[in-house]
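What follows is a short report on a single structure.
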Amino acid sequence: MQSLAQPIHETQRGMLPHLKAMRHVAETLDTVEHVEVVQNLRDVSDFIRLQLSPYLSARREIMYPVVDRIERANLATALLKRDHEEILRLTRQLDRMIAEMSWEPLMTSRTTHDVRQVVLALAATIAQHLAKEEDLVVPLLEARLSESEIGSMSRDLVVTAEHHH
């Protein structure tokens with residue numbers, strides 16, 4: 001039996017250590033050296049740009065049009081796309097903060113607070129988004145698609161994500 005849940009669940013599981021690391025970065029901002037803080041934040045930004053973004057793009061191109069066809073109301077994908085926009089907005093904000101911190105080596109408590117808020121918001125938004133896909137979208141697709149459609153979608157998601165890399 002072809003399953004869409006399996007590959008998606010594995011991808012989500014691969015993201016969990018990154019989300020945990022993001023929360024750790026946010027919590028330790030005021031206990032590690034400035035240079036390390038900047039590097040940790042760059043790692044967060046790189047993860048989003050290099051790993052998460054290709055994954056989100058693949059979902060948007062391959063999975064969401066099928067959900068729209070099944071659902072017709074397009075509400076589910078509108079909400080998921082809204083998550084993508086929020087992740088992008090927060091990442092841009094983080095990148096601006098990293099740039100500022102690169103030439104301003106003194107972090108004020110205000111900067112620490114702001115950076116922590118952005119990183120925690122990113123981790124929460126990503127985690128909620130992954131949960132929505134796994135808990136809501138996958139069961140909908142598995143209930144409505146044939147085995148061959150599911151198999152083809154699974155393959156397309158992998159190929160498209162790799163292509164966006």
What do the steps show when you test Asp156 against Val159 for side chain to side chain contact (heavy atoms under 4.5 Å, CB included), and what is the final call?
CA-CA 5 Å; Asp156 290 349; Val159 169; 5.6 Å; no

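- Gln93 places no side-chain N or O within 3.5 Å of a backbone atom of Val118 that could act as its donor or acceptor partner.
- Interatomic distance, Leu141 CG to Ile8 CD1, rounded to the nearest 0.5 Å: 7.5 Å.
- Judged by distance alone, the side chain of Ser154 and the main-chain N or O of Leu4 form no donor-acceptor pair under 3.5 Å.
- Once rounded to the nearest 0.5 Å, the distance linking CG of Leu52 with CG of Leu19 reads 8.0 Å.
- Val115 is not listed as a side-chain neighbour of Val37, based on a closest heavy-atom distance of 4.5 Å or more.
- The two atoms that bring Val66 and Ile62 nearest to each other are CG2-O, 3.5 Å, heavy atoms only.
- Scanning all heavy atoms of the two residues, the minimum distance from Val38 to Ser102 falls at CG1-OG, 4.0 Å.
- Distance check: Glu147 CD to Glu142 CD gives 10.0 Å after rounding to the nearest 0.5 Å.
- By the rule that hydrophobic residues join a cluster once side-chain heavy atoms approach within less than 4.5 Å of another member, Ile48 and Met101 end up as members of one cluster.
- For the salt bridge (Lys or Arg N to Asp or Glu O under 4.0 Å) test, residues two or more places apart in sequence or in another chain that qualify with Arg82 are Glu86.
- Interatomic distance, OG of Ser152 versus CG of Leu157, reported as 9.0 Å (0.5 Å rounding).
- Partners of Arg42 under the salt bridge (Lys or Arg N to Asp or Glu O under 4.0 Å) rule, at least two apart in sequence or in another chain, do not exist in this structure.
- Atom CD in Gln51 sits 9.5 Å away from atom CG in Asp46 (nearest 0.5 Å).
- Sorted by first then second residue, the salt bridge (charged side-chain N to carboxylate O under 4.0 Å, His left out) pairs that include residues 97-124, not counting sequence neighbours, are Asp30-Arg116, Arg110-Asp114.
- Sorted by first then second residue, the salt bridge (charged side-chain N to carboxylate O under 4.0 Å, His left out) pairs that include residues 7-26, not counting sequence neighbours, number zero.
- One hydrophobic cluster, built from ILVMFWY side chains closer than 4.5 Å, holds both Leu94 and Met15.
- The heavy-atom pair separating Ser45 from Asp95 by the smallest distance is OG-OD1, 2.5 Å.
- In the displayed structure, His163 atom NE2 is contacted under 6.0 Å by at most 12 heavy atoms of other residues, nucleotides or ligands.
- To the nearest 0.5 Å, atom CD of residue Gln39 and atom CD of residue Glu36 are 9.0 Å apart.
- In this structure, the side chain of Ser146 engages the main chain of Glu149 through a donor-acceptor pair within 3.5 Å.
- Note on Leu16 and Val119: same hydrophobic cluster, where clusters join Ile, Leu, Val, Met, Phe, Trp and Tyr whose side-chain heavy atoms are under 4.5 Å apart, directly or indirectly.
- The shortest heavy-atom contact between Ile150 and Ser3 is CG2-C, 3.8 Å.
- Among residues at least two apart or in separate chains, side-chain hydrogen bond (donor to acceptor under 3.5 Å, both in side chains) pairs with a member in residues 117-140 are His9-Glu134, Tyr55-Glu133, Arg59-Glu133, Tyr64-His129, Tyr64-Glu133, Asp83-His129, Asp83-Lys132, His84-His129, His129-Glu133.
- In terms of hydrophobic clustering, with Ile, Leu, Val, Met, Phe, Trp and Tyr side chains grouped at heavy-atom distances under 4.5 Å, Ile70 and Leu80 are assigned to a common cluster.
- Legend: side-chain hydrogen bond (donor to acceptor under 3.5 Å, both in side chains) pairs involving residues 65-77, not counting sequence neighbours, sorted by first then second residue: Asp68-Thr77.
- The cluster map of Ile, Leu, Val, Met, Phe, Trp and Tyr, joined by side-chain heavy atoms under 4.5 Å apart, puts Met97 and Phe47 in the same cluster.
- Residues Thr112 and Ser109 bring no donor and acceptor atom of their side chains to less than 3.5 Å of each other.
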